[in-house]
Number of protein chains: 2
Amino acid sequence: MTGYSEKQIQIMEAAEELFANKGFDGTSVRDIAEEAGVNLAMISYYFGSKEKLMESLFQYRGHYITLQLENMLQNKEMSSLQKVYGVIDSYMERIMKLQCFHKIMSREQMADVKGATTKLIHELKKKNQELVQQLISEGQKKGEFKKNIDVPLLMATLIGTTGHLVTTQHYYKKLNNLEALSDEEFEKHIKKKLSNHLKSLFKAVLTYE
Amino acid sequence: MTGYSEKQIQIMEAAEELFANKGFDGTSVRDIAEEAGVNLAMISYYFGSKEKLMESLFQYRGHYITLQLENMLQNKEMSSLQKVYGVIDSYMERIMKLQCFHKIMSREQMADVKGATTKLIHELKKKNQELVQQLISEGQKKGEFKKNIDVPLLMATLIGTTGHLVTTQHYYKKLNNLEALSDEEFEKHIKKKLSNHLKSLFKAVLTYE
DNA sequence: TTGGTTTAATTAAACGTTTGTTTAACTTTG
DNA sequence: CAAAGTTAAACAAACGTTTAATTAAACCAA
């Protein structure tokens with residue numbers, strides 16, 4: 001159930017890039033087959049249908065999108081603020097590494113008809129919010145953080161800011177005259193900037209009175 | 001050129017809702033015709049094609065999405081922070097009022113092949129960033145704001161947080177046990193919360209040392 | 001106002017493509 | 001030699017767009 005062959009992964013990753021940039025309906029199974037370098041019929045053969053290919057992709061990525069964080073949260077030597085910084089960096093790294101998958105999730109969240117992916121997204125969000133809520137409550141008990149912190153909106157700022165930057169990086173590049181930078185340079189640049197920005201934002205809103 | 005007939009607007013607004021929730025490629029012209037209550041052929045008759053209908057929609061919405069802000073920025077009696085608060089509320093109101101159009105724009109920004117909408121989005125972003133940059137610089141000169149403010153990332157936070165909340169409000173509602181609220185109550189609730197959140201965020205990052 | 005003519009609006013049907021999926025024949029593998 | 005993998009071809013359905021026929025609206029001289 002969990003193991004995908006090389007060829008299946010090849011197909012899923014081709015589909016991932018196309019779904020991210022053209023949308024699910026904007027991508028034909030022939031596009032995917034060509035991009036993956038396999039015969040058209042292999043997609044039905046391995047996954048059953050285009051829809052089920054999407055579900056497999058969510059399972060494939062969802063599998064390693066949820067596992068981290070816990071051990072860091074139990075670390076006794078870090079301050080609560082340091083842990084928040086850890087959450088920010090780990091979330092950011094994750095989005096940066098899985099940019100295409102993140103775009104697909106963003107698209108899915110806009111849809112009105114709820115598909116098989118909806119449940120997974122909801123659980124992911126729930127778990128994330130609980131972890132952060134727990135972390136913030138701990139900081140409040142220790143007196144590190146102030147009272148009256150709106151955790152859901154804080155999450156919206158973390159996810160929204162990061163996501164917006166990822167999905168509009170082309171515009172960001174042009175708007176701020178960074179077109180000379182290579183892709184790696186630009187990613188490094190934006191990671192650094194975004195990390196600093198989010199940390200100072202969270203520090204301010206969590207600690208200042 | 002600027003005037004659309006009632007029937008044309010009827011078609012564009014039907015298309016807007018469908019494009020927002022199903023995507024451009026996920027919406028057929030037959031869907032649009034049915035939703036708008038017109039004959040299939042009227043879409044080609046009035047707009048030429050599905051693609052050109054999309055362009056018309058951008059022109060129709062883009063027309064009244066850009067006009068505000070300037071007169072408030074020239075107000076001599078407001079503090080710079082008050083003006084920033086004004087920008088936040090006005091941006092938020094705009095997104096809330098045009099939720100569907102905003103979803104469409106978000107989707108368009110993810111696309112790799114740049115369509116006729118790309119230029120408009122770029123210009124909109126550029127103008128917004130310039131206005132905010134101007135406002136922040138003014139506050140810095142007056143000594144109201146601190147130095148070293150990253151305006152592009154601040155914009156990403158404003159736009160990203162607001163946009164994320166709009167596109168994921170269904171999840172937000174469920175996750176925070178607000179499903180008993182009517183649509184109007186929920187919109188009022190979220191507007192209030194988001195406005196407070198963004199203002200305290202901006203105040204902290206602009207003024208605290 | 002009337003009657004005649006032109007223009008615009010509206011319709012159902014048909015057009016050629018592209019879509020996702022399946023078939024049946026063939027090849028490779030264990 | 002049976003099972004799994006791979007292929008080109010074919011399938012019906014849905015797609016965006018166009019056609020040709022019909023109705024409604026606008027116009028204008030008598």
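Within every chain, numbering begins at 1; the chains are lettered A, B, ... in the order of the sequence lines, protein sequences first and strands thereafter. A quick note: this is a predicted structure, and the numbers were derived from the prediction, not measured.
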**Q** Measuring centre to centre across the rings, with the benzene-like ring taken for any Trp, is A:Phe58 within less than 6.0 Å of A:Phe101?
**A** yes

**Q** Select one nucleotide: of D:dT6, C:dT21, C:dA9, the one nearest the side-chain heavy atoms of B:Tyr45.
**A** C:dA9

**Q** Over how many whole Å does the gap from B:Ile32 atom CD1 to D:dT17 atom C1' extend?
**A** 13 Å

**Q** Which listed nucleotide (C:dG20, D:dA8, C:dT11) is nearest to the side chain of A:Asn39?
**A** D:dA8

**Q** Under the side-chain contact (heavy atoms from CB on, under 4.5 Å) test against A:Asp89, which residue among A:Arg94, A:Lys199, A:Lys191 passes?
**A** A:Lys199

**Q** Expressed as a whole number of angstroms, how long is the span from B:Phe19:CZ to D:dG16:C1'?
**A** 12 Å

**Q** Report yes or no: does B:Ser44 contribute a side-chain atom to a donor-acceptor pair with the main-chain N or O of B:Ala41 at less than 3.5 Å?
**A** no

**Q** NA contact type, A:Ser28, heavy-atom cut-off 4.0 Å: base, sugar-phosphate, or nothing?
**A** sugar-phosphate

**Q** Does B:Ser5 reach a base, just sugar-phosphate, or nothing at all? Heavy atoms under 4.0 Å.
**A** nothing

**Q** If we ignore hydrogens and angles and just use 3.5 Å, is the side chain of A:Thr167 paired with the main-chain N or O of B:Met110 as donor and acceptor?
**A** no

**Q** Any donor and acceptor pair, going by atom type alone, linking the side chain of A:Glu130 with main-chain N or O of A:Lys127 inside 3.5 Å?
**A** no

**Q** Could you check how far CD of B:Gln10 sits from C1' of C:dT10, rounded to whole Å?
**A** 13 Å

**Q** Take the protein atom CG of A:Leu18 and the nucleotide atom C1' of C:dG20, then report the distance between them rounded to whole Å.
**A** 16 Å

**Q** Give the rounded distance in Å between these two atoms: CD of A:Gln8 and P of D:dT6.
**A** 10 Å

**Q** For A:Ile43 and C:dT21, what is the distance between atoms CD1 and P respectively, to the nearest whole Å?
**A** 10 Å

**Q** Nearest to the side chain of B:Tyr46, heavy atoms from C-beta on, is which of D:dG5, C:dT21, C:dT10?
**A** C:dT10

**Q** Starting from P on C:dT18, measure out to CG on B:Asp25 and report it in whole angstrom.
**A** 15 Å

**Q** Can you identify which nucleotide, out of C:dT23, D:dT18, C:dA9, has its nearest atom closest to the A:Ala41 side chain?
**A** C:dT23

**Q** Closest-nucleotide mapping onto DNA chain D: is A:Arg30 or A:Val38 further toward the 5' terminus? I mean the 5' end.
**A** A:Val38

**Q** Do the side-chain N or O atoms of B:Lys7 get closer than 4.0 angstrom to the phosphate oxygens (OP1, OP2) of C:dT10?
**A** yes

**Q** Mind checking if A:Leu40 touches a base, just sugar-phosphate, or nothing, with heavy atoms under 4.0 Å?
**A** base

**Q** Over how many whole Å does the gap from B:Met42 atom CE to C:dT11 atom P extend?
**A** 7 Å

**Q** Consider the side chain of A:Ser44, meaning its heavy atoms from C-beta on, and name the nucleotide among C:dT21, D:dT6, D:dT17 that approaches it most closely.
**A** C:dT21

